[in-house]
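Structure, as structure tokens:
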Amino acid sequence: MNLSILIPLLNEEESLKELYSWIIKVMQENHYSYEVIFLDDGSTDDSWSIIQGFAAENAHVKGIRFMKNFGKSQALHAGFAKAQGDVIITMDADLQDSPEEIPELYKMITAQNFDLVSGWKKKRYDSVVAKNLPSKLFNWAARKTSGVELNDFNCGLKAYRNVVVKNIEVSGEMHRYIPVLAKNAGFGKIGEKVVQHQARKYGETKFGMERFINGFLDLITIWFLSRFGKRPMHLFGAIGSLMFIIGFLLAGYIGFSKLYHMYNNMPYSLVTNNPWFYIALTTMILGTQLFLAGFLGEIILRTKHNEERYKISNEINFL
């Protein structure tokens with residue numbers, strides 16, 4: 001199978017029929033073998049009924065419905081697990097991503113041997129203050145932190161080699177950082193393509209300004225996980241050991257200084273009257289706690305079991 005097209009959605013009943021017709025037109029014009037997987041993330045409108053209609057008339061259309069809204073990352077995780085195409089295309093359901101971009105994205109994966117190609121909405125039709133400027137700042141921070149040179153991490157239109165999506169774990173709100181996850185998994189050939197961005201035709205965006213705040217927090221998380229996620233003791237253990245040693249040496253100096261003064265009949269004060277004693281004690285306690293945090297992190301990594309982070313209520317056309 002040439003293509004798997006994954007479409008996560010939440011309450012997009014107005015745009016689904018137009019998007020479906022557009023995708024099928026592109027598939028037929030290019031003679032692709034394909035599957036279209038709609039990922040209904042707990043819609044409360046008629047989105048699922050519309051998807052059921054598509055699946056009834058076209059066996060290439062498949063659907064997954066969550067019991068409630070679990071988030072875009074979880075929807076993509078479920079779709080990646082089911083996708084069978086040689087190339088996986090992800091796109092949003094709001095008609096802001098154009099299916100006409102699919103053939104070129106497909107060629108970049110198959111002919112130019114990219115592992116992943118991310119869309120770049122160079123010219124946007126969103127609010128400058130509410131979306132464009134925060135997005136530019138966010139993308140700059142993501143580039144500097146991750147080392148992945150992309151201009152638009154947030155673009156939902158992306159293409160992947162099948163082996164990529166089968167070897168990355170998308171959780172939480174990490175969908176915007178899939179290129180970083182791919183790089184950390186060893187897939188280094190990551191490209192970018194300027195794609196057409198279209199103004200939203202129906203309804204309103206499901207994301208507000210809070211997504212940028214969450215995005216920066218997720219950026220810190222993924223930086224930490226990429227550096228120390230497999231070996232938390234390397235960070236916490238090292239810092240904890242250093243703090244304990246500093247505190248121990250400081251406490252030793254304080255004790256030695258008192259004994260020296262006592263031996264030479266010099267005036268001295270109680271150790272507990274010296275503020276540096278409490279600093280040394282606090283440093284040793286914090287160092288011990290950090291060391292234990294790293295040790296417990298190592299134990300958790302070795303005993304954890306992957307758990308499903310979402311519940312599926314319906315599936316259509318999956319064997």
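For the single chain, residues carry numbers from 1 onward in sequence order.
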Atom of P179, atom of I190 and distance for their closest heavy-atom approach: O-CD1, 3.4 Å

Polar side-chain atom of S73 near backbone of V170 as donor-acceptor pair, under 3.5 Å: no

E192 (side chain) donor-acceptor with L150 (main chain) under 3.5 angstrom: no

Over 12 foreign heavy atoms within 6.0 Å of NZ, K189: yes

Separation between NZ of K158 and CZ of R176, rounded to the nearest 0.5 Å: 10.0 Å

Same apolar cluster (I L V M F W Y, side chains within < 4.5 Å links), M243/F277: no

Among E315, E35, K62, the one residue meeting side-chain contact (heavy atoms from CB on, under 4.5 Å) with K82: E315

Over 12 non-hydrogen atoms of neighbours within 6.0 angstrom of CZ in F318: yes

L3/I102 under side-chain contact (heavy atoms from CB on, under 4.5 Å): CA gap, chis, key distance, verdict: CA-CA 9 Å; L3 283 165; I102 292 175; 3.8 Å; yes

Close side-chain approach of H77 to H175, heavy-atom, < 4.5 Å: no

Greater than 12 external heavy atoms within 6.0 Å of M1's CE: yes

Distance, nearest 0.5 Å, that separates OG of S47 from CD of E14: 8.0 Å

Short side-chain to backbone donor-acceptor contact, S98 and E100, under 3.5 Å: yes

Gap separating the CG atom of D115 from the CG atom of N162, nearest 0.5 angstrom: 12.0 Å

Pair F38 + F54: ring centers closer than 6.0 Å: yes

Heavy-atom neighbours of F295 CZ exceed 12 at 6.0 Å: no

Heavy-atom closest contact (I109 atom, F114 atom, distance): CD1-O, 3.4 Å

Polar side-chain atom of N2 near backbone of S33 as donor-acceptor pair, under 3.5 Å: yes

4.5 Å side-chain heavy-atom contact, V36 and N58: no

I239-I246 co-clustered via ILVMFWY side chain contacts under 4.5 Å: no

Salt-bridge criterion met for E149 and K183 (N-O under 4.0 Å): no

Main-chain N/O of W120 paired with N151 side-chain donor or acceptor, under 3.5 Å: no

Output field: ring centroids Y160/F187 closer than 6.0 Å: no

Heavy-atom check, side chain of M27 versus side chain of I5, under 4.5 Å: yes

Nearest heavy-atom neighbours spanning Q52 and I316: CG-CD1, 3.5 Å

Pairwise side-chain contact, Q289 with L286, heavy-atom cut-off 4.5 Å (strictly under): yes

Separation between CD1 of I23 and NZ of K25, rounded to the nearest 0.5 Å: 12.0 Å

Check: Y253 main-chain N/O paired with S257 side-chain donor or acceptor under 3.5 Å: no

No-hydrogen, no-angle side-chain donor-acceptor test under 3.5 Å, N69 and D41: yes

Worked verdict on E12 versus L95 for side-chain contact (heavy atoms from CB on, under 4.5 Å): CA-CA 10 Å; E12 296 287 359; L95 294 174; over 6 Å; no

Same apolar cluster: V180 and V163, side chain cutoff 4.5 Å: yes

Within 6.0 angstrom of F66 CZ, more than 12 heavy atoms from elsewhere: yes

Side-chain (D92) to main-chain (D94) donor-acceptor, under 3.5 angstrom: no

Separation between CG of N273 and OH of Y278, rounded to the nearest 0.5 Å: 7.0 Å

I24 side chain near Y34 side chain, heavy-atom distance below 4.5 Å: yes

pair T283-L250: side-chain heavy atoms closer than 4.5 Å: no

Lys/Arg-Asp/Glu bridge criterion (N-O < 4.0 Å) met for E101, K193: yes

Side chain to side chain, S118 and D152, heavy atoms closer than 4.5 Å: no

Over 12 foreign heavy atoms within 6.0 Å of NZ, K17: no

K121 and D97: CA distance, side-chain angles, deciding distance, side-chain contact (heavy atoms from CB on, under 4.5 Å) verdict: CA-CA 9 Å; K121 296 175 181 177; D97 296 332; 3.0 Å; yes

Main-chain N/O of L6 paired to T90 side chain as donor or acceptor, under 3.5 Å: no

Non-hydrogen atoms of P99 and L19 that approach each other most closely: CG-CD1, 4.1 Å

Which atom of L290 lies closest to which atom of G240, heavy atoms considered: CB-CA, 3.8 Å

Gap separating the CG atom of D40 from the CG atom of L10, nearest 0.5 angstrom: 7.5 Å

K166 side chain to F80 backbone, donor-acceptor under 3.5 Å: yes

N274 side chain to W276 backbone, donor-acceptor under 3.5 Å: yes

Note, I89 side chain near Y106 side chain (heavy atom, < 4.5 Å): no

Residue pair N314 / I312: nearest heavy atoms and the distance that separates them: O-CG2, 3.5 Å

Verdict with supporting geometry, L157 and L105, side-chain contact (heavy atoms from CB on, under 4.5 Å): CA-CA 9 Å; L157 185 57; L105 290 170; 3.9 Å; yes

Cluster link M284 to F236, ILVMFWY, side chain under 4.5 Å: no

